[in-house]
Amino acid sequence: MTQKYDLFINNEFVAPDGDDYFPAYNPFTGEVHAMIPQASDAQVAEAVAAARTAFDSEWSKTSGLERSKLLNKLADLLEQNAERMAVLETTDNGKVIRETKGQMLMAARSYRFYAGAADKIFGQSIPLDQKDVFDYTRKEPLGVCVLITAWNSPMSILCMKLAPALAAGNSVVIKPSEHASSTTLELARLVKEAGFPAGVVNVTTGDYRVGKALIRSGRIDRVSFTGSPQVGRSIAADAGERLVPVTLELGGKSPNIIFDDADLNKALVGALAGIFAATGQTCIAGSRLIVQRSVYDEVIERLAKRAEMIKLGNPLEMATEMGTAANEPQFNRIIERIEKAKAEGARLVTGGKQATGPGLETGYFIEPTIFADVTSEMELAQEEVFGPVLAIIPFETEAEAIRIANDTRYGLASGVWTSDISRAMRMVNAIEAGTVWVNTYRSGQVMAPFGGFKDSGFGKERGMVSLDDYLKIKNVMIDYSNDERDPFMLKL
């Protein structure tokens with residue numbers, strides 16, 4: 001049965017103007033599983049106005065304790081609905097069910113983490129040179145925040161934005177990707193059930209026009225975006241014209257470096273999970289495997305053997321290890337990238353085409369693909385594929401590994417595999433990336449800050465530092481002396 005969704009504005013589900021819906025396809029079956037509303041410019045403006053009214057009238061005055069209770073209630077509901085939400089997200093984007101369920105529980109953990117911070121937003125007192133002047137700071141919510149998420153992990157990405165925004169006391173308008181909107185609209189039901197005041201959380205779905213209208217409609221106070229660098233630049237430009245601050249979590253071409261003294265069994269597991277988990281459709285994918293020459297051939301041989309054993313199939317089955325590309329445009333982009341890699345001279349080790357076989361007839365399946373003898377000059381080493389495609393690059397010395405690792409315009413994540421702690425620390429210091437994993441990969445925690453450098457964006461999500469991005473600092477200075485001051489001696 002096809003589910004028909006509506007927009008969520010001011011705690012009500014609202015049909016789109018002109019009854020304008022578009023289909024959401026299951027990337028495994030190719031069938032339409034939902035109809036998603038296309039918000040009009042007028043409805044976008046209505047959602048922003050509802051968020052502004054909610055903030056000004058009630059939410060900005062709600063105590064941290066009350067916000068904490070509501071966030072914990074939302075976490076309860078998400079945990080109770082984790083299985084159903086995971087099935088829906090897998091149906092929407094083809095990610096395997098064992099991962100989407102884990103992401104639902106991780107999202108609930110995020111709401112609990114920030115619930116614990118909601119009543120602990122403190123300013124500080126500041127000693128001044130003048131002994132009879134008292135100075136202190138207040139941390140206050142920004143106002144209305146626009147949260148724009150991607151299709152690869154809708155609930156995981158959203159919780160990194162929504163949880164701190166609400167904990168800080170902001171109201172929000174959410175715009176999920178048009179390729180995966182269903183779980184965000186289902187979360188809106190849970191928000192309403194949890195008891196959040198009307199207008200605090202709003203969801204406007206649709207294509208790129210909705211994102212542009214959000215930034216241009218009414219007064220907004222922050223934008224947080226996850227997606228491609230190209231779209232990120234456009235959003236930053238639109239927001240910059242209005243002096244609206246932005247957080248950008250963009251792409252990555254992350255280096256995963258294996259030294260010859262590493263525990264190869266552990267490193268190979270990390271290399272496989274780093275690129276083939278989530279069908280490689282993750283910004284932190286370890287898509288460049290940089291391997292020391294003395295273990296290069298062994299690593300290639302063992303990786304290829306295991307990659308060829310990866311079980312593809314129905315993403316809703318627990319035995320499935322890798323699902324589909326999330327949608328047809330992404331499937332076509334990945335295939336195009338593979339063909340370009342072949343043309344530019346990378347050595348194809350395994351995979352390299354659409355996967356076929358029993359149970360794979362209708363889905364956007366791609367073989368786990370490994371290229372070797374890749375050089376930094378190749379497009380495969382520079383541009384994000386966002387699919388199950390691994391580029392293996394050899395190196396001789398530590399200095400060469402550092403040079404290769406940093407030789408891209410991205411700086412999101414990285415991995416280092418070594419048993420030498422001194423080498424590990426040197427690499428941590430030298431790699432230009434927002435995250436450096438040592439002897440692990442693709443491991444995230446709610447309390448650990450996440451965000452990149454260079455073209456991977458700016459600003460941080462997760463951790464306490466993310467909370468500060470949704471707050472403004474007000475300075476208060478009180479002169480309690482009895483003396484009249486010379487106005488010409490005051491300094492700014």
Side-chain angles (χ1 to χ4, degrees), residues 1-27 30-55 81 84-85 88-89 91-93 144-152 154-155 157-158 161-162 165 171-194 196-220 223-227 231 234-235 238 326-330:
M1 180 179 176
T2 301
Q3 174 70 48
K4 187 176 183 181
Y5 288 100
D6 286 322
L7 306 166
F8 186 66
I9 301 174
N10 206 31
N11 257 25
E12 298 296 334
F13 287 95
V14 181
D17 288 342
D19 205 35
D20 190 1
Y21 294 88
F22 59 91
Y25 293 94
N26 180 333
E31 298 173 348
V32 175
H33 75 91
M35 296 300 294
I36 307 299
Q38 172 71 43
S40 67
D41 286 358
Q43 289 176 311
V44 168
E46 182 183 348
V48 173
R52 174 61 56 191
T53 298
F55 177 79
N81 289 271
R84 180 178 66 85
M85 293 284 281
L88 182 57
E89 190 146 301
T91 302
D92 225 6
N93 70 3
V144 176
C145 299
V146 171
L147 314 179
I148 305 176
T149 61
W151 47 257
N152 57 321
M155 286 296 96
I157 292 170
L158 178 58
K161 306 175 189 298
L162 182 59
S171 57
V172 305
V173 183
I174 304 165
K175 192 275 179 193
S177 168
E178 62 269 32
H179 294 294
S181 300
S182 300
T183 49
T184 302
L185 289 164
E186 287 289 343
L187 184 73
R189 300 184 194 276
L190 303 184
V191 165
K192 184 171 184 176
E193 185 177 347
F196 283 84
V200 171
V201 176
N202 306 271
V203 182
T204 55
T205 54
D207 58 22
Y208 72 95
R209 293 171 293 175
V210 175
K212 284 189 170 293
L214 277 170
I215 296 173
R216 297 171 178 175
S217 296
R219 177 186 157 202
I220 61 172
V223 177
S224 180
F225 168 78
T226 297
V231 178
S234 175
I235 286 173
D238 284 347
N327 50 70
E328 184 178 11
Q330 183 60 21

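Every value quoted in this text rests on a predicted model; they were computed, and no experiment measured them. Residue numbers count from 1 along this sequence.
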* **Residues forming a side chain to side chain donor-acceptor pair (under 3.5 Å) with H33, sequence neighbours excluded** => D92
* Scan for salt bridge (Lys or Arg N to Asp or Glu O under 4.0 Å) pairs involving residues 181-191, sequence neighbours excluded, and state none if there are none. => R84-E186, E186-R189
* Asked: Going through the distances and angles, do V223 and L214 end up as a side chain to side chain contact (heavy atoms under 4.5 Å, CB included)?
  -> CA-CA 9 Å; V223 177; L214 277 170; over 6 Å; no
* **Aromatic ring pairing F8/F13, orientation class (parallel under 30°, perpendicular over 60°, tilted between)** => tilted
* Structure fact -> By side chain to side chain donor-acceptor pair (under 3.5 Å), D6 pairs with (sequence neighbours left out) Y21
* In sequence, state the C-alpha distance, the side-chain angles, and the governing distance for T226 and K161, and then conclude on side chain to side chain contact (heavy atoms under 4.5 Å, CB included). => CA-CA 10 Å; T226 297; K161 306 175 189 298; 2.8 Å; yes
* Structure fact -> Minimal heavy-atom distance between P176 and A180, with the atoms involved, is CB-O, 4.1 Å
* **Rounded distance (nearest 0.5 Å) linking atom CD1 of I235 with atom CD1 of I148** => 4.0 Å
* Structure fact -> Value for CG (L88) from CG (N93), rounded to nearest 0.5 Å, stands at 9.5 Å
* Asked: Where the side chain of Q43 meets the backbone of S40, is there a donor-acceptor pair that is under 3.5 Å apart?
  -> yes
* **Gap separating the CZ atom of F225 from the CD1 atom of I215, nearest 0.5 angstrom** => 9.0 Å
* Asked: Which atom pair, heavy atoms only, marks the closest approach of P27 to T91?
  -> CD-O, 3.3 Å
* Set of residues satisfying salt bridge (Lys or Arg N to Asp or Glu O under 4.0 Å) with respect to D238, sequence neighbours excluded -> K212, R216
* **Separation between CE of M155 and CE of M85, rounded to the nearest 0.5 Å** => 5.0 Å
* Any donor-acceptor N/O pair, K192 side chain to N11 backbone, under 3.5 Å -> yes
* Structure fact -> For P37 and T205, the nearest pair of non-hydrogen atoms, with its separation, is O-OG1, 2.6 Å
* To do: Indicate the atoms forming the closest heavy-atom contact of P329 with H179, along with that distance.
  => CG-CE1, 4.3 Å
* Asked: What are the two closest heavy atoms between A51 and V172, and how far apart are they?
  -> CB-O, 4.2 Å
* At what distance, to the nearest 0.5 angstrom, does OG of S182 lie from CD1 of I36? -> 4.0 Å
* Structure fact -> Taken in chain and number order and not counting sequence neighbours, the residues that satisfy side chain to side chain contact (heavy atoms under 4.5 Å, CB included) with Q38 are D20, F22, D207, R209, V210
* Does Y25 have any side chain to side chain contact (heavy atoms under 4.5 Å, CB included) partners at least two apart in sequence or in another chain, and if so, which? -> P23, V32
* Residue pair P154 / T184: nearest heavy atoms and the distance that separates them -> CB-OG1, 4.4 Å
* Asked: side chain to side chain contact (heavy atoms under 4.5 Å, CB included) with V173: which of L147, V203, N202, V201?
  -> N202
* What's the spacing between L162 CG and L187 CG if we round to 0.5 Å? -> 6.5 Å
* To do: Kindly indicate whether the side chain of V48, heavy atoms from C-beta on, has any atom under 4.5 Å from the side chain of T204.
  => no
